[in-house]
Amino acid sequence: MKRLLVTGAAGFIGANFVHYWLSQHADDRVVVLDALTYAGNLETLMPLMDKPNFRFVKGNIGNTELVELLLREEQIDTLVHFAAESHVDRSITGPDAFVETNIIGTHSLLKAARSVWLADPANPLPHRFHHVSTDEVYGTLGANDPAFTEQTQYAPNSPYSASKAASDHLVRAYHHTYGLNVTTSNCSNNYGYYHFPEKLIPLCLTNILEGKPLPIYGDGKQIRDWLFVEDHCRGIELVLQKGVTGETYNIGGVNEWQNIDIVNLLCELMDGEFAADASLAERYPQSPCAQGKPANSLITYVKDRAGHDRRYAIDCSKIERELGFKPAETFETGVRKTVRWYLDNQSWVDNVKSGAYQTWIDQQYTKRK
Ligand code: NAD
Ligand code: DAU
């Protein structure tokens with residue numbers, strides 16, 4: 001039985017991870033540490049709150065003493081680190097928070113892990129520190145370049161990716177210098193449930209329903225490699241179970257799409273949903289799909305993102321070969337499920353966007369403490 005501390009699990013991937021983990025490892029102890037920034041939503045974790053082996057702690061990864069306390073008190077043997085500032089556009093307008101959370105925050109976790117797990121370096125406690133990182137640390141690819149491997153030189157281009165790269169280096173250094181038992185995974189773009197509607201796919205889905213423009217940066221021909229979020233969680237599970245300490249593993253979907261093609265696909269799928277279900281027009285009267293117009297009538301080309309990376313593609317042959325990883329979801333099925341999820345969970349979207357539920361749940365949580 002494992003005892004996990006999962007940081008950032010009120011956000012998109014971390015939340016999917018803890019739901020997935022407890023569905024597969026029902027007896028494990030899972031403690032979540034999350035600061036509940038704008039991107040964190042406790043509503044996503046509510047179904048787990050009454051489980052005796054689940055605990056939510058509102059707190060900052062930069063609070064080293066708190067992390068040390070949790071590691072000791074909960075006898076944690078596995079730390080899975082998702083907490084981050086994750087949106088590239090926000091890193092361009094406000095990089096400080098990215099340095100604070102992604103670099104200094106990760107370092108705070110490493111310090112806590114070292115002081116508890118390696119208190120007696122000759123007799124370390126059994127432990128694993130898994131760091132969740134991104135393919136963006138490798139920079140950008142030309143149209144005919146081979147995909148990023150674990151050997152690709154780091155060349156981060158945005159304040160976000162630079163802060164993630166710095167955190168990857170700190171994790172590596174704590175292994176090399178102090179012998180901390182670490183693994184790192186670098187994953188491509190995720191999509192799926194509980195995705196904050198500032199990122200391309202959920203932004204477009206929610207804007208179609210609200211009749212708002214679908215902003216396409218630049219020429220829309222930038223390429224991303226999309227993976228269903230639960231497959232990312234499976235990949236991390238394999239790294240935790242079979243990964244070699246000190247190693248890094250690329251995780252990806254081998255599924256490259258131009259942004260404009262993804263947006264057109266989402267529009268077609270939404271058109272199809274409205275055509276098949278008349279009640280959607282009543283629920284979403286602002287949508288062009290409710291007014292006899294195609295969703296792609298909302299596509300609007302806008303100014304490009306500064307320093308916009310042209311193409312990402314992940315070579316995930318190492319994790320496939322060494323740990324047996326294969327995505328379970330095809331893009332066709334995953335994206336359909338995702339469209340359906342956003343149609344069925346507009347209250348989650350409204351709440352996460354307004355922050356209303358978060359404020360309310362925060363008060364409930366404080367009262368319950
Ligand atoms: P997200 O923005 O949806 O969630 C981040 C979570 O971290 C939120 O719940 C937030 O409240 C929490 N958090 C932020 N600062 C914190 C702090 N100082 N202390 C404690 N909690 C804090 O992010 P995401 O998309 O779920 O990404 C999770 C991780 O995966 C990140 O490290 C990101 O770099 C990495 N990643 C994301 C993707 C992707 O496509 N989204 C792909 C590869 C890697
Ligand atoms: O590659 C992994 C990364 O994927 C993660 O590390 C990041 O945390 C995650 O946010 C994501 O970064 P991207 O910048 O690729 O994702 P985003 O959804 O912001 O944008 C995807 C592409 O779509 C990108 O080329 C920019 C473009 N875009 C985005 C938005 C929000 C638009 O054209 N219009 C938009 O409105």
Side-chain angles (χ1 to χ4, degrees), residues 6-17 32-42 44-45 57-63 66-67 80-92 97-98 100-102 104-106 108-109 131-138 140 148 156-158 160-161 163-164 167-168 185-192 194-204 207 213-227 229 232 235-236 250-252 257-260 262-263 299-305 308-314 352 358:
V6 185
T7 71
F12 167 45
I13 307 175
N16 278 282
F17 177 81
V32 166
L33 175 65
D34 196 297
L36 295 180
T37 69
Y38 80 93
N41 182 11
L42 207 46
T44 313
L45 297 175
V57 177
K58 183 179 175 194
N60 199 303
I61 56 167
N63 184 344
L66 171 64
V67 179
V80 190
H81 176 32
F82 291 95
E85 289 293 334
S86 70
H87 191 38
V88 175
D89 292 329
R90 287 179 189 254
S91 84
I92 295 167
F98 288 72
E100 190 63 38
T101 293
N102 300 358
I104 299 172
T106 300
S108 158
L109 287 178
H131 178 53
V132 179
S133 192
T134 170
D135 60 358
E136 299 201 10
V137 297
Y138 299 121
T140 185
F148 302 128
N157 288 318
S158 70
Y160 163 69
S161 53
S163 68
K164 291 297 290 184
S167 66
D168 294 9
S185 49
N186 295 85
C187 191
S188 62
N189 285 63
N190 286 213
Y191 70 95
Y194 309 120
H195 203 178
F196 194 85
E198 65 183 350
K199 310 281 170 60
L200 181 69
I201 289 182
L203 178 83
C204 287
N207 281 8
L214 309 180
I216 307 290
Y217 296 167
D219 65 4
K221 294 187 177 165
Q222 303 83 6
I223 292 173
R224 297 292 182 265
D225 175 357
W226 293 94
L227 180 71
V229 63
H232 184 186
I236 295 171
N250 282 353
I251 306 178
W257 282 76
Q258 286 191 349
N259 293 338
I260 186 65
I262 286 268
V263 174
I299 288 179
T300 310
Y301 283 86
V302 300
K303 191 164 170 271
D304 207 353
R305 173 184 278 176
H308 200 169
D309 285 337
R310 193 69 181 166
R311 175 178 166 236
Y312 304 143
I314 273 281
V352 78
Q358 183 174 325

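As the structure lists them, so they are numbered: ligands from 1, and atoms in each ligand from 1.
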Are any side-chain N or O atoms of Asn190 and backbone N or O atoms of His232, one a donor and one an acceptor, separated by less than 3.5 Å?
no

How does Asn259 reach ligand 2, if at all, at less than 4.0 Å between non-hydrogen atoms: by side chain, backbone, both, or neither?
side chain

Passing option when Leu214 is tested against Ile260, Val263, Thr300, Val302 for side-chain contact (heavy atoms from CB on, under 4.5 Å):
Val263

Under a heavy-atom criterion of less than 4.0 Å, does Ala15 contact ligand 1?
no

Of all the non-hydrogen atoms in the protein, which one sits nearest to atom 21 (C) of ligand 2, and at what distance?
Leu200 CB, 3.9 Å

Taking 4.0 Å as the limit for heavy-atom contacts, which would you say applies to Leu203 with ligand 2: side chain only, backbone only, both, or neither?
side chain

Looking at Thr134, is its backbone amide N or carbonyl O close enough to the side chain of Asn186 to form a donor-acceptor pair, meaning the two atoms are under 3.5 Å apart?
yes

Hey, is Ala97 one of the residues with a heavy atom under 4.0 angstrom from ligand 1?
no

Ion pair check, Lys164 and Asp135, cut-off under 4.0 Å
no

Which of the atoms in ligand 2, numbered in the order shown and given with their element, are less than 4.0 Å from a heavy-atom of Thr134?
1 (O), 2 (C), 3 (C), 5 (C), 6 (O)

Near Tyr160, which atoms of ligand 2 are under 4.0 Å from a heavy atom of that residue?
5 (C), 6 (O), 7 (C), 8 (O)

Starting from atom 12 (O) of ligand 2, which protein heavy atom do you reach first, and at what distance in Å?
Glu136 OE2, 2.8 Å

Considering Arg305, Arg224, Gln258 one by one, which has a heavy atom nearer to atom 15 (O) of ligand 2 than any of the others?
Arg224

To the nearest 0.1 Å, how far is atom 4 (O) of ligand 2 from its closest protein heavy atom, and which atom is that?
Asn189 ND2, 3.1 Å

If you have a sec, work out which protein heavy atom is nearest atom 8 (O) of ligand 2 and how many Å separate them, to one decimal?
Ser86 O, 2.7 Å

If only atom types and distance count, is the side chain of Thr44 paired as donor or acceptor with the main-chain N or O of Ala10 below 3.5 Å?
no

Pick whichever of Phe82, Phe12, Tyr194, Tyr160 has a heavy atom sitting closest to atom 34 (O) of ligand 1.
Tyr160

Nearest to atom 1 (P) of ligand 1, what protein heavy atom do you find, and at what distance?
Ser86 OG, 3.5 Å

Can you find an N or O of Asn41 that's nearer than 3.5 Å to an N or O of ligand 1?
no

Atom 37 (C) of ligand 1 has as its nearest protein heavy atom Ile13 CD1, 3.3 Å

Which residue and atom name correspond to the protein heavy atom nearest atom 25 (O) of ligand 2, and how close is it?
His308 NE2, 2.7 Å

Could you see which bit of Lys164 sits under 4.0 Å from ligand 2, with heavy atoms only: side chain, backbone, both or neither?
neither

Donor-acceptor contact present, side-chain Thr140 to main-chain Arg311, <3.5 Å
yes

Does ligand 1 come near enough to Asn190 that some N or O of the ligand is less than 3.5 Å from an N or O of the residue?
yes

Can you name the atoms of ligand 2, numbered from 1 with element, that are less than 4.0 Å from a heavy atom of Val88?
14 (O)

Per-residue contact class, Lys199 against ligand 2 - non-hydrogen pairs under 4.0 Å
both

If we set the cut-off at 4.0 Å for heavy atoms, which region of Ile216 has an atom near ligand 2: side chain, backbone, both, or neither?
backbone

Closest approach of any protein heavy atom to atom 31 (C) of ligand 2, naming residue and atom:
Glu198 O, 3.3 Å

Residue Asp135 vicinity, atoms of ligand 2 by number, heavy atom under 4.0 Å:
1 (O), 2 (C)

Do me a favour and list the nearest non-hydrogen protein atom to atom 8 (C) of ligand 1 with residue, atom name and distance?
Asp34 OD2, 3.6 Å

Would you mind finding which of Gly8, Ser167, Ser188, Gly192 brings a heavy atom closest to atom 7 (O) of ligand 1?
Gly8

Mark the output for Leu36 as yes if a heavy-atom distance to ligand 1 is under 4.0 Å, and as no if none is.
yes

